[in-house]
Amino acid sequence: MSRRVVVTGHNGYLGSVMTPLLVEAGYNVVGLDTGYFSECTLIPDAVQVPWIQKDLRDAAIQDLEGAETVIHLAALSNDPIGNLNPQWTEAINCQASVRLAELAKEAGVRRFLFSSSCIMYGVSEAVTVNEDSPLDPKTAYARSKVQSEQAIARLADDTFSPTFLRNGTIYGLSPRMRFDTVLNNLVTAAVTTGKIVLHSDGTPWRPVAHVQDIARAFLHVLEAPIELVHNQAFNNGEARMNHQVRELAETVAQIVPGCRIECVASADADQRTYKTDFGKFTRTFPDFRFTWSVEEGARGLADAFHSTGLTYEDFTDQRFTRLKWLRHLLESGRLDDSLRWQAIAAINS
Ligand SMILES: NC(=O)c1ccc[n+]([C@@H]2O[C@H](COP(=O)([O-])OP(=O)(O)OC[C@H]3O[C@@H](n4cnc5c(N)ncnc54)[C@H](O)[C@@H]3O)[C@@H](O)[C@H]2O)c1
């Protein structure tokens, strides 16, 4: 049986942690990624795999032939990028994702794991959301995940099994580091400035999960009996992963000596709040353990930042905030106004 797995977005934050894990588990991994963030490396990659360097919008059936599974991570990966230009998010995250799934099915790929997000439940004050809760996407990014899931689910049949893993906010060390996700941001601020500034009262709830746990969970689902995962959506995590932002900040402040917390009222404060019910994942995969706690994860990050001598300049460096880096690529003319590499467009013309 072929063990070939195509991982889109393998060069990103989650992908560069998941890829070595898959290789170690014996899979023949091929990456497909346009490489928006290939220069945004904090620590070296653990492995190099064959890389189809192309835009997801140009994916072809030949890229997928012979694969037993596609793990689809490639996306414009947050709300701020979606707000910059909703059409890009619609085209890449939704249209190109659905087309990728259609190509995968045509190529005979059996499983399709889609990296989705709990953000699709919207702002659900004091509500705990499970996979059957109404979806209420508030942003272009959230809508792209809902629409992709719905369209890809319609492709499911005896030959093609999509699975939708709805992640919380991910934290932890990765070669293609991001400081723009909540816990990563708090730890980096604490280590490099000695303070954490909360732009809300800290009461919003967030499900947060360690990048290695999320990568392991994808591998577990990939290896699960197909009837358990066929055309299913799972909130990817377990109950203890719901935290209030204030509690995350306090945990970080305890770990980083001398760190203080400041609350600054801000009109555009991020007040999204949701608690996620992870019961379906736990019931379906009773043998799987999410191993990281926030405390261990924050400590791991702080230790890594201390030992690599991470500075305030690194913290604010555009390479580690997805929106800033894409803006830089656009403003320097390296990406065109459809978010494609200029140099590649010139070579092809
Ligand atoms: N990081 C999180 O907290 C989080 C939470 C929930 C869901 N997710 C989802 O998980 C996936 C991975 O997230 P991440 O944090 O690794 O994001 P990331 O931005 O670090 O990585 C995304 C990767 O996709 C690639 N990509 C983007 N557009 C592309 C295109 N048009 N063609 C080819 N490649 C393209 C980028 O080059 C990048 O390597 C995304 O689908 C994201 O929406 C992430």
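FYI, the numbering just counts along the sequence from 1. We count ligands from 1, going down the list as the structure has it; atoms in each ligand are counted the same way.
Taking distance alone, with nitrogen or oxygen atoms compared against 3.5 Å, Tyr36 approaches ligand 1 more closely than that limit. For ligand 1, none of its N or O atoms has an N or O atom of His72 under 3.5 Å away. For the pair Arg176 and ligand 1, the shortest N or O to N or O distance does not fall below 3.5 Å. Of the polar atoms of Ile170, at least one N or O is found under 3.5 Å from an N or O of ligand 1, judged by distance alone. The shortest N or O to N or O distance between Tyr13 and ligand 1 is below 3.5 Å. Below 3.5 Å of separation, one finds no N or O of Gly9 facing any N or O of ligand 1. Geometrically, ligand 1 and Leu73 share a nitrogen or oxygen pair separated by less than 3.5 Å.
Counting only heavy atoms from C-beta outward, the side chains of Leu113 and Leu222 approach each other to under 4.5 Å. Counting heavy atoms from C-beta on, the side chains of Phe305 and Thr192 never come closer than 4.5 Å. Taking the side chain as every heavy atom from C-beta outward, Arg246 and Asp201 never approach each other to under 4.5 Å. The side-chain heavy atoms of Leu64 and Leu100, taken from C-beta on, include a pair separated by under 4.5 Å.
Counting protein heavy atoms only, atom 32 (N) of ligand 1 is closest to Leu56 N, 2.7 Å. Looking at atom 16 (O) of ligand 1, its nearest protein heavy atom turns out to be Leu14 N, 2.8 Å. The nearest protein atom to atom 31 (N) of ligand 1, hydrogens excluded, is given as Asp55 OD1, 3.1 Å; this is a heavy-atom distance. In terms of protein heavy-atom proximity, atom 9 (C) of ligand 1 is closest to Ser115 OG, 3.4 Å. In this structure, the protein non-hydrogen atom closest to atom 21 (O) of ligand 1 is Gly12 CA, 3.4 Å.
A donor-acceptor distance shorter than 3.5 angstrom exists from the side chain of Asp63 to the backbone of Ala60, with no hydrogens or angles considered. Within the 3.5 Å criterion, the main-chain N or O of Arg176 finds a donor-acceptor partner in the side chain of Ser174. At least one donor-acceptor pair under 3.5 Å links the side chain of Ser148 to the backbone N or O of Asn93.
Here the shortest heavy-atom distance to atom 22 (C) of ligand 1, taken over Cys118, Ala75, Ser77, belongs to Ala75. For the residues Phe114, Phe37, Tyr141, the heavy atom positioned nearest atom 8 (N) of ligand 1 is part of Tyr141. When the heavy atoms of Gly82, Gly168, Ser338 are ranked by distance to atom 6 (C) of ligand 1, first place goes to Gly168. Here atom 38 (C) of ligand 1 lies nearest to Asp33 when heavy atoms of Asn11, Thr8, Asp33 are compared.
The proximity of Ser116 to ligand 1, defined as any non-hydrogen pair under 4.0 Å, is limited to the backbone. Residue contacts with ligand 1, taken as heavy atom pairs separated by less than 4.0 Å, do not involve His10 at all. Under 4.0 angstrom from ligand 1, the non-hydrogen atoms of Arg322 all belong to its side chain. With a heavy-atom cut-off of 4.0 Å, Thr34 touches ligand 1 through backbone and side chain alike. Counting heavy atoms under 4.0 Å from ligand 1, residue Lys145 touches it through the side chain alone.
Side-chain atoms of Thr19 and His10 include no donor-acceptor pair closer than 3.5 Å. A donor-acceptor contact closer than 3.5 angstrom is absent between the side chains of Thr159 and Arg110. Side-chain N/O atoms of Glu223 and Tyr27 include a donor and acceptor closer than 3.5 Å.
Atom-to-atom distance recorded for Arg166:CZ and Lys145:NZ is 11.5 Å, nearest 0.5 angstrom.
The distance from ligand 1 to the heavy atoms of Arg178 drops below 4.0 Å at these ligand atoms: 1 (N), 14 (P), 15 (O), 17 (O), 20 (O). For ligand 1, the atoms closer than 4.0 angstrom to any heavy atom of Thr169 are 3 (O). Of all atoms in ligand 1, listed by their number and element, those nearer than 4.0 Å to a heavy atom of Ala74 are 24 (O), 26 (N), 34 (N), 35 (C).
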Which is it for Asp180 and Lys324 under the salt bridge (Lys or Arg N to Asp or Glu O under 4.0 Å) test, yes or no, and what are the steps along the way? CA-CA 10 Å; Asp180 56 4; Lys324 279 192 202 169; over 6 Å; no
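Applying the 6.0 Å contact sphere to CD of Gln318 captures more than 12 heavy atoms from other residues, nucleotides or ligands.
Among all heavy-atom pairs drawn from Phe285 and His220, the shortest one is CD2-CD2, 3.7 Å.
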